[in-house]
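Just so we're clear, the structure is a prediction, and the values are computed from it rather than from any experiment.
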Amino acid sequence: MAETAHCVYCFDVLAAHFEKRKPLALQQCFEVEDILEAENATGAAGANSNTAITTDGGGGGRSAHAPARPLFVTWNKHYPGEEGHQLRGCIGTFENQELEVGLETYALTAALEDTRFRPIQAKDLPSLSCGVSILTDFEPAADPMDWTLGVHGLRIAFVYHGRRLGATYLPDVPAEQGWTKEETIISLMRKAGWSGRSAEWQKVGLSVTRYKGTKKEVSWEEYKKVIQRYLKEGLGFEGALKN
C-alpha cells in the first residue's frame with residue numbers, strides 16, 4: 001500500500017535533483033517516519049532522540065522492500081488562503097516497479113517531463129504536495145459501468161478514426177471532481193482524444209479495465225519535518241530547508 005514515506009522519498013528525490021546531491025534512501029525515509037510516529041504516540045518530542053537513523057538501508061520498523069507494483073506520482077500546487085489545488089504533474093506506469101527505483105523515476109518524470117505543464121522549478125517546492133498511488137487488483141470490467149466510484153480507477157482503450165486511443169483515471173479522480181460514472185467515462189474518452197457527441201459515447205466499443213489503489217499525500221511542510229528530524233542526527237544536506 002502507499003505509505004507516507006513514499007511521498008517523503010519523492011520529495012527528497014526532487015529536492016536532491018535541484019541541490020545536486022544524493023537523495024535519502026527509501027529505507028531511511030521509513031526509519032524517520034517510524035521515529036516520528038513513536039514520538040507522536042508518546043506525546044514527547046524527544047522520546048526517541050537516541051534512536052539511530054542508519055545510512056545503509058538497514059533497521060526501521062517497516063521495510064522499503066515491498067513487492068513490485070504499478071505506481072503513479074502526482075504533484076499538486078497549493079495557494080495560500082485558497083482551497084483545492086492545481087495539478088502540476090502526474091505520470092506513472094502500469095508495469096510492476098521495484099518501489100525505490102520506480103518512485104525515483106516517476107517523481108522526476110512527473111515533475112519535469114509532464115508535457116501538459118511547465119517543468120517544476122526549485123522555487124515551486126514550498127507550494128507543492130506530493131501524492132503517491134500504488135495500484136492493485138487489475139481486472140476487466142464487464143461493461144463501462146461495471147465499477148464503483150471512489151473504489152476503482154479506470155483504464156480504457158478504443159479505436160477512433162482508425163487510431164487506437166487510451167487513457168486512465170486514478171481511483172480518487174472521479175470523486176474529487178464530483179463526477180457521475182457516466183461523466184467519468186465521457187471525460188476519460190475526451191482525455192484519450194475522442195471528439196464525438198457526449199450522447200453517443202455508448203456507440204464506441206470500449207475496453208475497460210478497472211483497478212484499485214491506495215494513495216498517500218504529503219505537503220512540503222510535512223516533508224520538512226522529516227528532514228529536520230533527520231538533521232538532528234547530524235547527517236547534513238541542509239539545502240533542503242532553505243526554501
Side-chain angles (χ1 to χ4, degrees), residues 1-2 6 10 67-77 84-99 101-120 129-217:
M1 63 163 46
H6 296 152
C10 289
R69 297 290 189 193
L71 59 88
F72 276 71
V73 177
T74 303
W75 295 101
N76 288 316
K77 183 177 177 66
H85 58 258
Q86 177 187 3
L87 182 64
R88 289 291 283 108
C90 181
I91 296 181
T93 178
F94 289 110
E95 299 295 327
N96 285 334
Q97 298 286 304
E98 191 279 317
L99 287 184
V101 174
L103 291 171
E104 180 176 12
T105 297
Y106 289 100
L108 293 176
T109 303
L112 306 174
E113 299 179 22
D114 190 329
T115 56
R116 297 172 294 177
F117 312 100
R118 65 169 179 81
I120 289 173
S129 65
C130 179
V132 169
S133 299
I134 306 296
L135 310 181
T136 60
D137 300 315
F138 288 80
E139 57 185 358
D143 58 68
M145 293 297 170
D146 181 29
W147 57 281
T148 302
L149 279 167
V151 174
H152 293 109
L154 297 177
R155 184 182 186 184
I156 66 168
F158 58 98
V159 176
Y160 183 60
H161 291 169
R163 298 172 55 215
R164 185 165 181 80
L165 304 177
T168 191
Y169 277 144
L170 297 174
D172 57 299
V173 171
E176 186 177 89
Q177 297 297 322
W179 292 333
T180 65
K181 292 170 72 170
E182 183 174 39
E183 288 170 338
T184 300
I185 292 292
I186 294 171
S187 176
L188 192 52
M189 293 172 67
R190 299 278 188 220
K191 181 181 179 183
W194 181 68
S195 57
R197 295 176 56 201
S198 295
E200 298 180 347
W201 72 267
Q202 292 178 329
K203 296 181 180 180
V204 179
L206 293 178
S207 172
V208 180
T209 299
R210 67 185 190 185
Y211 57 88
K212 296 179 181 178
T214 57
K215 183 178 181 179
K216 287 289 186 179
E217 189 167 6

Under 3.5 Å, side chain of [X] to main-chain N/O of [Y], donor-acceptor pair present?
X	Y	answer
Lys181	Trp147	yes
Ser207	Ala157	no
Asn76	Ser129	no
Thr209	Pro140	no
Thr109	Thr105	yes
Arg190	Gly196	yes

*Residues Val208, Phe158; criterion side-chain contact (heavy atoms from CB on, under 4.5 Å); working and verdict*: CA-CA 9 Å; Val208 180; Phe158 58 98; over 6 Å; no
Sub-4.5 Å side-chain heavy-atom contact between [X] and [Y]:
X	Y	answer
Glu176	His85	yes
Leu170	Leu135	yes
Tyr160	Met189	no
Ile186	Trp179	no
Asp114	Leu87	no
Gln177	Tyr169	no

Near [X] [atom1], under 6.0 Å, is it more than 12 heavy atoms from other residues, nucleotides or ligands?
X	atom1	value
Glu200	CD	yes
Arg116	CZ	yes
Lys77	NZ	yes
Met1	CE	no

Could you tell me the separation between the [atom1] atom of [X] and the [atom2] atom of [Y], rounded to the nearest 0.5 Å?
X	Y	atom1	atom2	value
Leu103	Leu108	CG	CG	11.0 Å
His152	Tyr211	NE2	OH	11.0 Å
Ile91	Leu71	CD1	CG	12.0 Å
Ser133	Glu217	OG	CD	9.0 Å
Lys216	Thr214	NZ	OG1	8.5 Å
Arg163	Trp194	CZ	CH2	15.0 Å

*Show your working on side-chain contact (heavy atoms from CB on, under 4.5 Å) between Leu206 and Trp201 and close with a plain yes or no.*
CA-CA 9 Å; Leu206 293 178; Trp201 72 267; 4.2 Å; yes
*Any chance you could lay out the side-chain contact (heavy atoms from CB on, under 4.5 Å) test for Leu154 and Val173, step after step, and finish with the verdict?*
CA-CA 10 Å; Leu154 297 177; Val173 171; over 6 Å; no
Show the nearest heavy-atom pair for residues [X] and [Y], with the distance to one decimal.
X	Y	answer
Arg118	Arg88	O-NH1, 3.0 Å
Pro171	Pro174	O-CD, 3.7 Å
Pro67	Leu99	O-CG, 4.2 Å
Glu98	Ala68	N-CB, 3.8 Å
Ala107	Trp75	O-NE1, 3.0 Å
Thr93	Gln97	CG2-CG, 3.4 Å

*May I ask you to check if Arg155 and Phe94 form a cation-pi contact, with NZ or CZ under 6.0 angstrom from the six-membered ring centre and within 45° of the axis?*
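Yes, Arg155 lies over the aromatic ring of Phe94.
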